[in-house]
Amino acid sequence: MCSIYMLVVAIVLPCCFEILSLNCGTLMKETLRYLAGIVGPSGYGSKSTAEQVANSCSYLVDSQRLTAIITGATSGIGEETARAVAKRGVRVVIPARDIKKAAELKERIRKDNPNAEVILCEIDLSSLASVKRFCNEFLALGLPLNILINNAGIFSQKLEFSEDKFEMTFATNYLGHYLLTEMLIQKMIETAEQTGIQGRIINLSSVIHSWVGRDCFHFNQMLHPINYNGTRAYAQSKLATILHAKEIAKQLKAKNANVTINAVHPGIVKTGIFRAHKGFITDSIFFIASKLLKSISQGASTSCYVALSPQVEGMSGKYFVDCNESNCSVLANDESEARRLWRQTRALIRRRLYQTPC
C-alpha cells in the first residue's frame with residue numbers, strides 16, 4: 001500500500017510544485033488557465049487533444065508520406081500519439097518489446113483508418129544491443145525518417161538492472177533513446193535534405209525533472225545507485241532527456257541540419273492504477289489529483305503539436321508544456337551539464353557496443 005501512496009504523491013506533487021513556485025498573481029492566473037484549458041500563444045492549452053492538434057496541423061505534405069518512429073506506442077500516450085498521426089497519413093513505425101500488443105494496436109489503427117501504414121519491429125529499449133539491432137533493421141528498409149518520438153518510459157519502485165547492468169529506469173528512459181537517436185539522426189538529416197521537410201525529434205520528459213539538484217545528478221551513481229529511490233530515478237532520467245535535447249540541438253545547428261529536437265512534458269495523465277486500491281487516504285488523494293490530471297488524448301497533444309505544427313518550424317532545444325513553449329529548471333538549461341552528460345553517455349556506449357575509446 002505504501003508504494004501506491006508514493007506513486008500518487010509522485011503524480012500530484014510535480015503539478016503542485018509547479019504551481020506553488022509562482023507568485024500569487026501568476027498563481028491564480030496559471031491555475032485558472034490550466035484547469036479551464038485556456039489556450040496559450042499556440043492556440044492550444046491543457047484541454048487540447050491529440051486529434052484536435054493533428055487535424056489542424058498543415059505541416060504534413062499530402063504529396064509525400066512522412067515516416068515516424070514512436071517508442072512506447074503500445075499503450076497510453078504513445079498509443080494515442082501513433083493513432084492520431086497515422087490518421088493524418090503518417091507512416092508509423094512501432095518498435096515494441098511485446099509484438100503481440102503491437103499487432104493489436106496495428107489492428108486498432110487500421111480499423112480506425114484502413115489506409116494507415118503501420119510497421120512493427122521488436123526492441124527492448126533497456127538493452128543497447130537490442131536498440132542497435134532495431135536501428136540496423138529499420139535502416140535496411142530504405143525508408144525515409146521525418147519524425148522520431150522518444151516516448152517510452154518506465155517508473156520502477158524497486159531497484160532493477162538491465163542486461164547491460166545499468167539501473168533499469170535510466171537505461172530505458174534515457175540510454176536507450178540516446179542510442180536510438182544517435183543511430184538514426186543521420187537518416188533524418190538526409191531525409192530532410194532530400195525532401196525539404198524539416199525533421200523533428202521529440203523527447204518525452206516531465207515537470208518532475210525540476211526535483212533534481214546538481215548534487216543528485218552524477219552519471220555513475222545513476223547507472224549504479226546505492227540508495228535507490230524510484231521517484232528520484234525517474235526524475236533524473238527525465239532531466240537527462242531534456243539535457244540530451246539541448247545538446248543535440250546545438251550539434252544540429254552547428255551542422256546546419258534541417259532537423260530539430262525538443263523536449264515535452266505531456267502533463268499528469270489519468271490512469272487506472274489507483275482504482276483497485278480502496279481506502280480513505282488513497283481515495284482522498286486521488287480525488288484531489290483527479291482535478292489536475294489529463295486524459296490520455298490530452299496528454300498526447302503536446303507530442304503531436306511539436307511533431308506536426310508549422311508554428312514549431314525552426315524551434316530546437318526547447319521545452320514544451322500544454323502545446324506551448326515553457327521554462328525548464330536551471331539545471332536543465334545548463335549547457336556545460338548537457339555537454340558533459342552527452343560525452344559520458346557517448347563514451348559509455350562506445351565502450352559497451354563498439355569496444356572503442358571515446
Side-chain angles (χ1 to χ4, degrees), residues 50 67-86 90 92-106 109 118-135 137-138 145 147-156 160-164 166-185 200-206 208-209 222 230 233-245 248 261-269 271 273 296 299-300 302-304 306-307 345 349:
T67 301
I69 293 177
I70 305 174
T71 67
T74 56
S75 64
I77 292 171
E79 176 177 352
E80 180 62 15
T81 303
R83 189 192 67 78
V85 300
V90 178
V92 178
V93 179
I94 299 176
R97 184 171 54 181
D98 189 332
I99 290 296
K100 182 179 178 182
K101 284 183 68 176
E104 292 169 353
L105 169 61
K106 180 177 180 178
I109 291 175
V118 182
I119 298 172
L120 308 181
C121 299
E122 190 171 359
I123 195 173
D124 177 356
L125 273 165
S126 71
S127 163
L128 296 177
S130 178
V131 174
K132 181 182 178 183
R133 185 163 52 249
F134 161 75
C135 291
E137 289 175 358
F138 172 77
L145 182 57
I147 300 167
L148 172 61
I149 302 181
N150 293 321
N151 169 85
I154 64 168
F155 180 101
S156 178
E160 298 177 292
F161 289 95
S162 68
E163 70 175 34
D164 298 302
F166 304 136
E167 191 276 313
M168 186 66 80
T169 302
F170 196 68
T172 303
N173 297 1
Y174 170 65
L175 294 177
H177 285 128
Y178 175 101
L179 179 59
L180 188 71
T181 303
E182 181 180 78
M183 291 193 66
L184 297 177
I185 200 164
R200 299 191 180 182
I201 304 168
I202 296 93
N203 284 357
L204 268 284
S205 184
S206 170
I208 202 175
H209 80 272
M222 291 185 288
Y234 182 77
Q236 289 168 331
S237 73
K238 293 304 179 180
L239 172 59
T241 64
I242 299 178
L243 291 168
H244 176 240
I248 298 303
I261 178 169
N262 293 288
V264 305
H265 166 51
I268 314 302
V269 179
T271 71
I273 191 169
I296 290 174
T302 306
S303 294
C304 290
V306 178
T345 309
I349 289 177

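Between N151 and G72 the shortest heavy-atom distance is ND2-O, 3.1 Å. Summarising the geometry of G299 relative to I77, their closest heavy-atom pair is O-CG2, 4.0 Å, with the distance given to 0.1 Å. Between G153 and N173, the shortest heavy-atom contact is CA-OD1, 3.1 Å. Between T81 and A300, the shortest heavy-atom distance links the atoms OG1-CB, 3.4 Å. The nearest pair of heavy atoms linking A245 to N262 is CB-C, 4.2 Å. Between K101 and S75, the shortest heavy-atom contact is NZ-CB, 4.4 Å.
Side-chain atoms of N203 and I261, non-hydrogen and from C-beta on, do get closer than 4.5 Å to each other. In this structure the side chain of I94 never reaches within 4.5 angstrom of the side chain of I70, judged on heavy atoms. For the pair F138 and I119, the minimum side-chain heavy-atom distance is 4.5 Å or more. S130 places a side-chain heavy atom less than 4.5 Å from the side chain of I123. Between S205 and K238 there is a side-chain heavy-atom pair separated by less than 4.5 Å.
Using cut-offs of 30° and 60° for the angle between ring planes, the H244 and Y174 rings count as perpendicular.
Residues H177 and T241 bring no donor and acceptor atom of their side chains to less than 3.5 Å of each other.
Note that CD1 of I185 is 10.5 Å distant from CG of L180, once rounded to the nearest 0.5 Å. In this structure, the separation between CG on L239 and CD1 on I208 is 11.5 Å, given to the nearest 0.5 Å. For the atom pair OG of S237 and CG of L204, the computed distance is 11.0 Å after rounding to the nearest 0.5 Å. Taken from CD in E167 to OG in S156, the straight-line distance is 7.0 Å, to the nearest 0.5 Å. Interatomic distance, CD1 of I109 versus CD of E79, reported as 7.0 Å (0.5 Å rounding). The line from CD1 of I202 to CG of L148 is 7.5 Å long, rounded to the nearest 0.5 Å.
Ionic pairing of R83 and E80 is present here: one or more N-O contacts between side-chain nitrogen and carboxylate oxygen are shorter than 4.0 angstrom.
The side-chain contact (heavy atoms from CB on, under 4.5 Å) test with S126 singles out one residue from V131, T172, T169, and that residue is T172. Of the residues listed (I349, L128, L175), the one engaging D164 in a side-chain contact (heavy atoms from CB on, under 4.5 Å) is L128, and it is the only one.
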Q | Verdict with supporting geometry, T74 and D98, side-chain hydrogen bond (donor to acceptor under 3.5 Å, both in side chains) | A | CA-CA 8 Å; T74 56; D98 189 332; over 6 Å; no

